> 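The structure under discussion is supplied below as structure tokens; questions concerning it will follow.
Only a predicted model underlies this, so the values are computations on that prediction, with no experimental measurement involved. Residues: numbered from 1 along the sequence shown.
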Amino acid sequence: MSGTVVGVDVGSCGLRIAWSTGSEQLAAVTDLPPAGREPWIVPVLSARSVGFVSTRELRSAAAVEMLTGELARAREAVGAESGTDVSCAVLSVPTRLGSGDRIALRDAARTAGFVEVHLINDAVAAVLADGPGESRTVLVYSLGYSGFETGLLRVARRQVRVLGHAGAVEPSGAKMDMWLLDAWLGSLSDQNLSELGTWDVARWGRLREAAEKVKPRLAAGERVTVAWPPWSTESTEQPNRVQTPSPEEFGRYVEEHVAATAKHVREVIADAAMTPADVDAVLLVGGVSVLPAVQAMLEAEVGSGGSPAEPYRLARGAAVYGSYLRPSARTTSTDAELVDLQDTPSRPALAVRIPERPADGPPDVFAEARRLWAGGAVDEARMLLTDLVDRANRMLVEMSAPAPEDRAQPDSTPEERERARRTIQAATRLLHKGQLQRAVEESHRAWSQARDDDEIFAKMIDIHMSAARALPGPAGYADARAWMGCARVHAKFNETVAAYFVERTLEYARHQLEHDQVDDARRLLEECVFYETSDPGVRELADELATRGRI
């Protein structure tokens, strides 16, 4: 990528910015000056509970305007600091982020003035912040405000390959904040309880901020006494006090929830046919990941407590990724309306009830959707179910992809490299004869004979793509898809492979739409979004499906 690229960590609690002038070794950070805007975490009030929703998750017009404004400020700040015209952004987002939100984020960035926009998953950005470096296998453990994710990644030959991934909305920093708030509210006197009904959004926001500040103190073993309300010390009145859990109680709570993530760590390692001994490094991402319980669990599971990532790591990784990309000739309109955004906020995943304690355990999505539907909240019920379907579809895409190379290979001998060259030549001849499947298979065999030979690797990818192009149209899509998908898994950052995969998938999606297979078209569109492309055809198809009420 020529010119300056902005890497943006789109976190639940705000944006972090880094930028690169094109050298993958350079990614400087930029602190945005205070904007004087609304807080990033917004309290949502209902009759008997209070939830807290991130601006990233909030789907209101005001939230979109706020996000667009922050992205525009980031572009202007980097432009002023670098002395260049900034037109490209790479946004780092959680892997579990839904397709509708991904489309909306791209549109917000384009509205903010970025002509070219790419998305990258947080785990990949975390690894890329160090640059290509030596071959290694990295476990990324992310625990932040909005949830938990872990990913196993292999870095080799300037490629980052995701070998496995797992994620969930809990545990999370938000859940821990709710636990503390719940304890405080449960210890209030009747007089203080009666005051809660008069609180506005600003006061509830300040209460959540107070809970957030208490967590590290409890984790450090400090016994904390909290004034009630927390801002009452600003006045001359003698403040009341509320009960705060002890460090021991907080430690047990955190350990219990962190322990639930251990099975996901084991699963991503086992699914990649690896053992903990194969993990070369453990990287901790997210503010909550620094709690001692996290490092203790990882020490027991992997043999390493991990290294906490610096605050700007994801933004740096996004900027480094941008430096790998070649200039794109595609341009996209920046004034289109935002997709999949409503004027009402999404239902908070977590809420604190007043004054009752919320029930523990994972929510029953179907039961909750049915309850909302019966109560007339049709849009909220549909949102819950759509998110569930979206996550299931993305998992199906991951499950259907060919298994990636998951181990570093020893250097091949001269004899092996010569044998591989003869095999790749045979594969090329088969390709020219129209024996496409055999050509692909032989190219794979050539690569298996010398996996450290970059030339063989590049020719294998070329044969996959040539075979796919030799079967145009809907009739050839099934075979072409298999070969393109295989190439995409092996060449994760190859923009040509990704662009052609999306081009063919969009073409087939339109074919399905013409034959009234609307749901199939929608699923294919979600795959295109999952594969992170800036192809304007994605937006065009999304608009068409939106008119049919299917997105």
> List in chain and number order the residues that pass side chain to side chain donor-acceptor pair (under 3.5 Å) with Ser87, two or more places apart in sequence or in another chain; answer none if no residue qualifies.
none

> Indicate the atoms forming the closest heavy-atom contact of Gly173 with Val288, along with that distance.
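It is CA-CG2, 3.6 Å.
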
> Taking Arg316 first and then Asp130, would you say they form a salt bridge - that is, a charged N and a carboxylate O separated by under 4.0 Å?
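A salt bridge is absent here (no side-chain N lies under 4.0 Å from a carboxylate O).
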
> Report the residues that fulfil side chain to side chain donor-acceptor pair (under 3.5 Å) with Ser304, sequence neighbours left out, ordered by chain and then residue number.
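Checked Ser304 against side chain to side chain donor-acceptor pair (under 3.5 Å); zero matches.
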
> Going by ring-ring contact (aromatic ring centres under 6.0 Å, His included), name the residues that satisfy it together with Tyr500, two or more places apart in sequence or in a different chain.
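None.
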
> Could you give all pairs that pass the ring pair (Phe, Tyr, Trp, His ring centres under 6.0 Å) test and reach residues 267-307, with sequence neighbours left out?
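Counting only pairs at least two positions apart or across chains, no ring pair (Phe, Tyr, Trp, His ring centres under 6.0 Å) contact touches residues 267-307.
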
> Using the ring pair (Phe, Tyr, Trp, His ring centres under 6.0 Å) rule, collect all pairs that involve residues 268-307, keeping only residues at least two apart or in two chains.
none

> Not counting sequence neighbours, which residues clear side chain to side chain contact (heavy atoms under 4.5 Å, CB included) with Glu256? List them please.
none

> Output all residues satisfying side chain to side chain donor-acceptor pair (under 3.5 Å) with Ser443, sequence neighbours left out; order by chain, then residue number.
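With neighbours one apart ignored, the set is empty.
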
> Tell me, please, which residues at least two apart from Arg217 pass salt bridge (charged side-chain N to carboxylate O under 4.0 Å, His left out).
Glu222

> Do any pairs count as a side-chain hydrogen bond (donor to acceptor under 3.5 Å, both in side chains) and have a residue in residues 280-299, sequence neighbours left out, and if so which ones?
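Listed once each, the pairs would be none.
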
> Run the ring-ring contact (aromatic ring centres under 6.0 Å, His included) test against Phe148 and tell me which residues pass, sequence neighbours left out.
Tyr141, His264

> Can you name the residues that form a side chain to side chain donor-acceptor pair (under 3.5 Å) with Ser142, not counting sequence neighbours?
none

> Going by the rule ring-ring contact (aromatic ring centres under 6.0 Å, His included), which residues pair with His257 if we only count those two or more places apart in sequence or in a different chain?
Tyr253

